[in-house]
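Below is one structure, written out as structure tokens, with a few remarks after it.
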Number of protein chains: 2
Amino acid sequence: MKSNVTMKDIAQKLNVSSVTVSKALNDKDGVSEELKEKIKQLADEMGYRYNTLAKSMKDGRSYNVCVIIPERFTGMAQSFYLKVYQSIAQILEEKSYYGIIHILPKEDEEQLKLPRIYHERRVDGFIMLGQPSKGYIDLMQSVEMPLVFLDFYDENNHVDAVITDNFYGAYDITNYLIQQGHRDIAYVGNLFSTSSIQDRFLGYYKSLLEHKIHLRQEYIISDRDDEGVFIDFELPEKLPTAFVCNCDQVAHLLMERLQRDGYRIPEDFSVVGFDNDIYAKLTKPELTTVEVDIDEMAKTAVKFICEKMEKSEVMFGRVAVKGKIIYRDSVRELNDSKSRDIS
Amino acid sequence: MKSNVTMKDIAQKLNVSSVTVSKALNDKDGVSEELKEKIKQLADEMGYRYNTLAKSMKDGRSYNVCVIIPERFTGMAQSFYLKVYQSIAQILEEKSYYGIIHILPKEDEEQLKLPRIYHERRVDGFIMLGQPSKGYIDLMQSVEMPLVFLDFYDENNHVDAVITDNFYGAYDITNYLIQQGHRDIAYVGNLFSTSSIQDRFLGYYKSLLEHKIHLRQEYIISDRDDEGVFIDFELPEKLPTAFVCNCDQVAHLLMERLQRDGYRIPEDFSVVGFDNDIYAKLTKPELTTVEVDIDEMAKTAVKFICEKMEKSEVMFGRVAVKGKIIYRDSVRELNDSKSRDIS
DNA sequence: CTGAAAGCGCTTACAG
DNA sequence: CTGAAAGCGCTTACAG
């Protein structure tokens, strides 16, 4: 395969103009079917490859969408965002866009440096995947380019955002525990750490309220300090029968702690998580949890960004995508017995 | 920030030509320092962004390097390749290239479909990260474009490849076990599954040979079938005192099995792994293992691909990058006692 | 149905 | 030190 064949080369061989070749290869009107076929065939034979850079330059669009992920979300076991990116890229592909991943280095985030791809005009829109610093959010807003937030939102900015339905996810899974006969249910998570921990807590709380179950302060168990570093759990004197953990990793840690203390799960305690990530299957027994609908989130974000790239005025607001409960073996049904003693 | 400022716009404002603006912004000779400054400043004020697409078209290069990862390597807990990509992208960035990740869908791999980015001439070179099918390897070879294999190599093709030093990694860690007094050492892995399992086995074997330790067939314990699906371990009648596992995940599985059988680690058995991935810290106790030098591998691969993009004749052959042992708590020192009974 | 002309935004090679 | 001309590979709008 020679690599430098252009439309002009094809045109010359057939004694036509490059305009005709262009039309033929793009399947446009104005060329006889016969000639079209001949051109396409010759293009194939000559190993012609369409040069999109030329087209890009012509119509001033790069056909690239940049997916920015803050570096801190890319650590071990954080394959969640990679999966989201993968889904995004695939959907963009169908629309003939490229999804370009950009892992935002910590320094760039602090110094408010936009990706080089922006300064070099190689991008038509941004999907911000995972919450960056406040300053960076403002920066992204200030450049006039289509922008969608994914998996977080910002109170103060009017940016289209696609998020997991944290609230109803936690609500659903707490309801499930109550259906199984649990009444003493704790929530595990630092309420002041992230908005998703907070929203999940509120979903849990709503479920309690609807079932007229009193929220006990000592049943709100912190899992990390305000910097996000995990801390030892301080379990209350009187233990609940079930724990709603704000994420699978914390459920994993909690189960280890309980098992170390000699308890069995789910016999002694039921535990549920959120995310359905790798930790959900690392626990013994495996975890009942809420699975995030990655494909739906990706699809929605791509739809938004594409429409915004077409006509930049459109706004979609904040959209929450519902997840679904994955039932495994970390929850025990409490048969009528209202409460129990720990032996 | 207006988005459509061009060199011409800047030129007109200053009553100079766009050639002069181009020279000034690229810091080339032929413009007075004074004028250069003025131009740069105005460019800033006007929110000028350099249009690399135009440059790309001019010199027929996209400045993109495509990193292809077969889909099956991107599952949960497979953040290894993401980290490699991250490192690659960062190093390419320093050289003003873009690293474009492309997750190769299974169907495309089967149907031998190259990434669209190739057909659209938006890429100057490929880094193949992770071993694809034989057919796909041949396909990649057939397109005349700079190509580097990363983390695998192919016997039959003369392609530059950067790999982990599986052989010496396993050799080193087996030596370490022997230093700790172990003589009865098993290897865990299906020798016919992948070349890295095989190479690691051979490193283990070399260590035995050098210490005049007889290789016992029943000490080669398979971990997966030929399709790569994990199977139950068949442990030999007489158990060894130490296990060299072909990867951390398998070490994790083995430790679970042994612990389920009532053994303690490292008191009853020593276990070592390879990779230092997430599984190495999920085991209790944490795993002594071989860490792959991701940055060095990435650096080498990028160096190769860049030089090949400059002048395509250069060849580097196969380069193995050494890892290093990470000492944790899964190995026990055997004080002189040659062998032991299991109580 | 076919094509000459102009232009996308930049750079290179050359002339002054 | 400065700039007019030509060209990268394509497409659009228009003329025939």
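Just so we're on the same page: letters track the sequence lines, and every chain starts at 1. In this text the structure is predicted, and so the values were computed from the model without any measurement.
Of the charged side-chain nitrogens involved, none lies within less than 4.0 Å of a carboxylate oxygen, so that K23(A) and D29(A) do not count as a salt-bridged pair. Between K134(A) and D138(A) there is a salt bridge, since at least one side-chain N of the basic residue sits less than 4.0 Å from a carboxylate O of the acidic one. Using a cut-off of 4.0 Å between Lys/Arg side-chain N and Asp/Glu carboxylate O, D59(A) and K55(A) are scored as salt-bridged. Using a cutoff of 4.0 Å between basic side-chain nitrogens and carboxylate oxygens, D27(A) and K40(A) are scored as salt-bridged.
No engagement by L53(B) is indicated, since no non-hydrogen atom pair under 4.0 Å with the nucleic acid exists. Here G30(A) lies in heavy-atom contact (under 4.0 Å) with a base.
Within the structure, a side-chain polar atom (N or O) of T20(B) is placed less than 4.0 Å from OP1 or OP2 of dG3(D). Proximity of Y48(A) to the phosphate of dG9(D): no side-chain N or O atom is located under 4.0 Å from OP1 or OP2.
When each of dT2(D), dC10(D), dG3(D) is scored by its nearest atom to the side-chain atoms of S17(B), the top-ranked nucleotide is dG3(D).
Straight-line distance from the CD1 atom of I39(A) to the P atom of dC1(C): 13 Å, rounded to whole Å. One atom, CG of L14(A), and another, P of dG3(C), lie 10 Å apart when rounded to the nearest Å. A straight line from CD of Q12(A) to C1' of dG9(D) spans 13 Å, rounded to a whole angstrom. One interatomic measurement links the two molecules: NE2 of H119(A) to P of dG9(C), which rounds to 19 Å at whole-angstrom precision. As a whole-Å value, the separation of M57(B) CE from dC10(D) P is 9 Å. Straight-line distance from the CZ atom of R121(A) to the C1' atom of dG9(C): 9 Å, rounded to whole Å. Atom-to-atom, CG of L25(A) to P of dT2(C) comes out at 14 Å; the value is rounded to the nearest Å. One can place NZ of K8(B) at 8 Å from P of dG9(C), the figure rounded to the nearest angstrom.
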Both atom distances under 3.5 Å, Watson-Crick or G-U wobble: I'd like the secondary structure of DNA chain D as a dot-bracket string, with | for pairs made across strands. |||.||||||||.|||

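Of the candidates V302(B), V319(B), D165(B), V292(B), M297(B) forms a side-chain contact (heavy atoms from CB on, under 4.5 Å) with just one, namely V292(B).
Checked by atom type and distance alone, the side chain of E109(A) never pairs as donor or acceptor with a backbone atom of P70(A) at under 3.5 Å. Looking at S62(A), its side chain does come within 3.5 Å of a backbone N or O of R122(A) through a donor-acceptor pair. Using modelled atom types, no side-chain atom of E296(A) and backbone atom of V321(A) make a donor-acceptor pair closer than 3.5 Å.
When each of L35(B) and N51(A) is assigned the nucleotide of DNA chain D bearing its nearest heavy atom, the one mapping closer to the 5' terminus is L35(B).
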Using a cut-off of 4.0 Å between protein heavy atoms and nucleotide atoms, how would you tag nucleotides 11-16 of chain C 5' to 3' with B, S and -? BB----

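Taking the six-membered ring for Trp and thresholds of 30 and 60 degrees, F316(B) and F304(B) have nearly parallel ring planes, at less than 30 degrees apart.
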